[in-house]
Amino acid sequence: MAASKAYAENQNTYLGQLWTLFSPMMNAAVYVVIFGFILQVGREGIENTIAFIVCGVFMFRFFERSVMAGAHSINKNLNLVRSVKFPRAVLPIAGVLSELAILGPAVAVMAIISYLSGFLPFAGKVTIDWYWLLTIPAIGLLWIFSTGCAFLVARWVAITPDLDNLIPHVMRVLMYASGVIFSIDRYLGQFSWGWIAQYQPVAVYLYLVRSCLLNEPAYPQSLFMWLLGIGWAVGFAVVGFLVFWRGEERYGRD
């Protein structure tokens, strides 16, 4: 199911699966130009603005699309839910897995862009070292966390469909609160509540990916952040599954 969803994403377009690469690239390019060069918000405290924003946009896009896939997993498959008996948890899991399949080639493009940006005279160097291998477990933790979130929103939207209209707005607020296009420590660290934004789960996973790929002094490898990432992933996966499972018999009947 996940493979078919990923393949069908851009099946009826001329460029086909290339859109899975072009869409996040164009999205990142817009933020780099506006926030990195015109407003120069992304440059504060960051040596390589291009790589910093590209990593943030690619990873947050995966999380956002995973949450939306979970939100639509029940309501868009009502005929299947009502006609076939199977574990309903398959639906949000398949939705997030399809996004993970799409993310695979996008991560390679993200790494290439980050590395090449280091050759620009105004950007900090991005070197290839063994830390790049840690990107895989970092994305794995983000995937587990996203699956837990998909379970939660799947249950909530199945009960109250109106919430589906609020999720995009929540995602937009979360994007700006997670340091996707700017340094949280630089802009929010001065406030007493800044640590909340710094250690909330989405910001933690962006930190982990950036600490693996980039050479930013503000994003060194941190055992504490890895432990925090593991805790958020396990916690949301367990709680999300239990919340979703409690409504197993109600899906498609309300």
Side-chain angles (χ1 to χ4, degrees), residues 45-48 51-67 70 89 92-93 96-97 99-100 103-104 106-107 110-111 114 124 126-153 170-171 173-245:
I46 302 300
E47 294 186 354
N48 191 321
F52 178 85
I53 295 179
V54 166
C55 288
V57 170
F58 273 57
M59 291 297 100
F60 187 83
R61 177 181 170 84
F62 165 70
F63 168 72
E64 182 180 29
R65 287 174 60 90
S66 297
V67 171
I93 290 175
V96 180
L97 275 176
E99 296 302 328
L100 184 64
L103 179 66
V107 169
M110 179 185 73
S114 299
V126 177
T127 59
I128 300 177
D129 53 40
W130 72 271
Y131 282 123
W132 279 38
L133 298 176
L134 294 178
T135 305
I136 297 175
I139 294 176
L141 291 175
L142 176 58
W143 163 58
I144 296 173
F145 168 75
S146 300
T147 303
C149 292
F151 280 136
L152 291 173
V153 296
V170 174
M171 289 293 105
V173 173
L174 187 59
M175 187 191 81
Y176 291 109
S178 301
V180 173
I181 53 180
F182 61 84
S183 171
I184 291 181
D185 182 66
R186 181 73 175 183
Y187 284 95
L188 303 181
Q190 56 182 314
F191 300 104
S192 59
W193 48 266
W195 63 272
I196 298 177
Q198 187 174 1
Y199 298 131
Q200 53 97 348
V202 178
V204 169
Y205 297 120
L206 294 184
Y207 182 103
L208 292 179
V209 173
R210 285 164 171 161
S211 67
C212 295
L213 286 179
L214 310 183
N215 302 104
E216 292 291 342
Y219 289 80
Q221 283 292 321
S222 170
L223 178 60
F224 174 74
M225 296 298 279
W226 278 102
L227 294 176
L228 198 58
I230 293 173
W232 281 126
V234 174
F236 267 79
V238 172
V239 173
F241 175 77
L242 292 177
V243 170
F244 182 86
W245 177 73

Any residue meeting side chain to side chain contact (heavy atoms under 4.5 Å, CB included) with L227, in chain and number order, not counting sequence neighbours: L223
Which heavy-atom pair separates N48 from S114 by the least distance, and what is that distance? ND2-O, 4.3 Å
Who are the side chain to side chain donor-acceptor pair (under 3.5 Å) partners of S178, not counting sequence neighbours? Q200
Mind checking what makes ring pair (Phe, Tyr, Trp, His ring centres under 6.0 Å) contact with Y219, not counting sequence neighbours? F52, Y207
Just verifying a value: how many Å separate L103 CG and F58 CZ, rounded to the nearest 0.5 Å? 9.0 Å
Would you please name every residue forming a side chain to side chain contact (heavy atoms under 4.5 Å, CB included) with V170, sequence neighbours left out? none
Tell me, please, which residues at least two apart from Y199 pass ring pair (Phe, Tyr, Trp, His ring centres under 6.0 Å). F224
Search all heavy atoms of E47 against all heavy atoms of E216 and return the closest pair with its distance. N-OE1, 2.9 Å
Atom CD1 of I184 and atom CD1 of I196: how far apart are they, to the nearest 0.5 Å? 12.0 Å
Taking C-beta and beyond as the side chain, do M110 and V209 meet within less than 4.5 Å on heavy atoms? yes
Listed partners of W226 passing ring pair (Phe, Tyr, Trp, His ring centres under 6.0 Å), at least two apart: none
Could you list the donor-acceptor pairs under 3.5 angstrom formed between side-chain atoms of residues 140-148 and any protein atom two or more places apart in sequence or on another chain?
unit_1	atom_1	unit_2	atom_2	d
S146	OG	L142	O	2.7
T147	OG1	W143	O	2.9

Distance check, rounded to the nearest 0.5 Å: E64 atom CD versus C149 atom SG? 12.5 Å
One should read off an interatomic distance between R210 CZ and C212 SG, to the nearest 0.5 angstrom, of 12.5 Å
Which heavy atom of F151 sits nearest to which heavy atom of G240, and what is that distance? CB-O, 3.2 Å
Mind checking side chain to side chain contact (heavy atoms under 4.5 Å, CB included) for V239 and listing every partner two or more places apart, or none if nothing turns up? V243
Does any pair with a residue in residues 126-137 pass side-chain hydrogen bond (donor to acceptor under 3.5 Å, both in side chains), and if so which ones, sequence neighbours excluded? T127-N215
Using a 4.5 Å cut-off on heavy atoms from C-beta on, say whether the side chain of W232 contacts that of Y205. yes
Residues at least two apart in sequence or cross-chain that pass side chain to side chain contact (heavy atoms under 4.5 Å, CB included) with A150, listed by chain then number, are P92, V96
Are side-chain heavy atoms of I139 and L100 found at a separation under 4.5 Å? yes
At what distance, to the nearest 0.5 angstrom, does CZ of F63 lie from CE of M171? 4.5 Å
Quick one: list whatever passes side chain to side chain donor-acceptor pair (under 3.5 Å) with S211, sequence neighbours left out. Q221
Distance-minimising heavy-atom pair for S183 and I46: CB-CD1, 4.1 Å
Please evaluate residues V107 and M59 with respect to the criterion side-chain contact (heavy atoms from CB on, under 4.5 Å), reporting the C-alpha separation (whole Å), side-chain torsions for both, the decisive distance (0.1 Å), and the verdict. CA-CA 9 Å; V107 169; M59 291 297 100; 4.1 Å; yes
Looking only at heavy atoms, the pair that brings A51 and V126 closest together is CB-CG2, 4.4 Å
Of all the heavy-atom pairs spanning C55 and L213, show the shortest one and how long it is. SG-CD1, 4.0 Å
